[in-house]
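These notes concern the structure reproduced below.
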There are 2 protein chains.
Amino acid sequence: MGRPRTPLLDRARITTTALELVDEQGEFSVPQIARRLGTQTGSVYHHVDGRDGIVELMRERICEAIDSRTLDLEPWDAALAAWARSYRAAFAAHPRVIPLLTTSPVRAPKVLEQYERAVGLLLGAGFAVADVMPVLTGLENLVLGSALDLAAPETMWELPEDSPTPQLARALTAVGAGRADAAFDVALEGLIGHARTLLGTPAPDDRDHAP
Amino acid sequence: MGRPRTPLLDRARITTTALELVDEQGEFSVPQIARRLGTQTGSVYHHVDGRDGIVELMRERICEAIDSRTLDLEPWDAALAAWARSYRAAFAAHPRVIPLLTTSPVRAPKVLEQYERAVGLLLGAGFAVADVMPVLTGLENLVLGSALDLAAPETMWELPEDSPTPQLARALTAVGAGRADAAFDVALEGLIGHARTLLGTPAPDDRDHAP
DNA sequence: ACCTGAACACCGTTCAAGT
DNA sequence: ACCTGAACACCGTTCAAGT
């Protein structure tokens, strides 16, 4: 007992284990993490700021996969679109984590930094300060919603066998992963079109919208 | 002890109490409900299908405030916009409940019924089957995201005092409730514009519902 | 049918005690 | 500094026992 020569736990391994648990079960608990890592529950608290801290670590880990260089692209709408795509891909890798991220506030410096740069991008493009967060929040909603939909479309709807909702059933079975991609693309273009409206600059017809 | 002359509990009172708790705390538990209603925890289970059942009851209660007659309006895009507005208003009344609704699947018949009618509206307008759910899901994301943002904008962001993210801080303080309304309106118009695009150029391989 | 009271397995969090 | 082991207050759920 007592302190081991080499630490049994560290933040990285706690994060990885939590992510594994959520990927498998859609949930995690501190005792479960401790069990998988062969330690006592209390030990985890020496490395991490409680359960909420673990959630924040997962957010950080997932957001590391976002390519922030996309924010350097020009013009601003190409940068925003590329950022959104990378953002979505990162979350689509761990869709079951998303519900955990809507409750707790964003604290991770690396994540805040990305948003800081995104804000700078929009301000630099000439957006009014008050318009920036609505656009970015809309983008975030779109990204998270579509990532959730991409990998877990069936979990959101539970239809009875003798369906009194035949049209809904038809519509649900008609959607696939490829369709979700297409829907994301067009919805993203819609949002950016909305942003152009706010900016007051109409979209040129000859602009290339392809990724 | 034993069975009382008149029941101490019923589904409506359980739902109301759960809603009160979530409005106050952002959370609820079965023992808390029982305590407020002056009964034992176990008694609640005689009226309700577990904790998840209570969540579903809250969803149902909230969705009762949605005006489904909006779906009878013409043309289809006016109906969809009015439905979205009513939908958002209903959720904005209990924003802290929203995170609870993203995990569990939709089972409530009355809610399914509304979606059934919305599907019918879009199919009747000539949408391809595969396009219907992306549009409705996008609408749902927009509604829930904006309702959440409307009444709890500060909870999603926790900036340190000595902010290394000055632009983000500026952008956040510049947003208000009125702005959120405006953002919703334009984003909604953007989504419906996207939907019009889908209607005008349906994918040839999967359109079984030509006008 | 509906409520009690107790039980069970599980949480999140803290903390003295050890090395 | 880091882990153990035990403690605390709290969950969700079940169930015999009572009326």
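In what follows, every chain begins at residue 1, and chains take the letters A, B, ... in the order their sequences are listed.
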Is the shortest side-chain N to carboxylate O distance from [X] to [Y] below 4.0 Å?
X: Arg13(A); Y: Glu20(A); answer: no
X: Arg96(A); Y: Glu24(A); answer: no
X: Glu113(A); Y: Lys110(A); answer: no
X: Glu158(B); Y: Arg107(A); answer: yes

Inset, instruction - Starting from the 5' end of DNA chain C, give me the residue, Gly42(A) or Gly38(B), whose nearest nucleotide shows up first. - result: Gly38(B)

Inset, instruction - Nearest-nucleotide wise, let me know which of His46(A) and Pro31(A) is further upstream toward the 5' end of DNA chain C. - result: Pro31(A)

Can you tell me the distance, in whole Å, between the [atom1] atom of [X] and the [atom2] atom of [N]?
X: Gln40(B); N: dC3(C); atom1: CD; atom2: C1'; value: 8 Å
X: Asp49(A); N: dT14(C); atom1: CG; atom2: C1'; value: 14 Å
X: Phe28(B); N: dC10(D); atom1: CZ; atom2: C1'; value: 15 Å
X: Leu37(B); N: dC2(C); atom1: CG; atom2: C1'; value: 15 Å
X: Glu27(B); N: dG12(C); atom1: CD; atom2: P; value: 12 Å
X: Tyr45(A); N: dC3(D); atom1: OH; atom2: P; value: 15 Å
X: Ile14(A); N: dC2(D); atom1: CD1; atom2: P; value: 11 Å
X: Arg5(B); N: dC3(C); atom1: CZ; atom2: C1'; value: 14 Å

Give a yes/no answer on whether the side chain of [X] brings an N or O atom under 4.0 Å of OP1 or OP2 in [N].
X: Arg51(A); N: dG12(C); answer: yes
X: His47(A); N: dC3(D); answer: yes
X: Ser43(B); N: dT4(C); answer: yes

Inset, instruction - Describe the nucleic acid contact of Gln32(B) in one word from base, sugar-phosphate, nothing, applying a heavy-atom distance below 4.0 Å. - result: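 Touches sugar-phosphate only.
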
Inset, instruction - Classify the nucleic acid contact of Arg35(B) as base, sugar-phosphate or nothing, counting any heavy atom under 4.0 Å across all strands shown. - result: sugar-phosphate

Legend entry - Nucleotide opposite dC8(D) in a Watson-Crick or G-U pair, distances under 3.5 Å: dG12(C)

Inset, instruction - Counting Watson-Crick and G-U wobble pairs only, both distances under 3.5 Å, name the nucleotide matched with dC2(D), or none. - result: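 Pairing partner, where one exists within any strand: dG18(C).
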
Legend entry - Among Asp181(B), Asp185(B), Asp67(B), the one residue meeting salt bridge (charged side-chain N to carboxylate O under 4.0 Å, His left out) with Arg88(B): Asp181(B)

Legend entry - Closest to side chain of Thr41(B), choosing from dG12(D), dT13(D), dC2(D):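 Selected nucleotide: dT13(D).
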
Inset, instruction - When you get a sec, tell me which of dC2(C), dT4(D), dT19(C) is the closest nucleotide to the side chain of Thr39(A)? - result: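 The listed nucleotide nearest to Thr39(A)'s side chain is dT4(D).
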
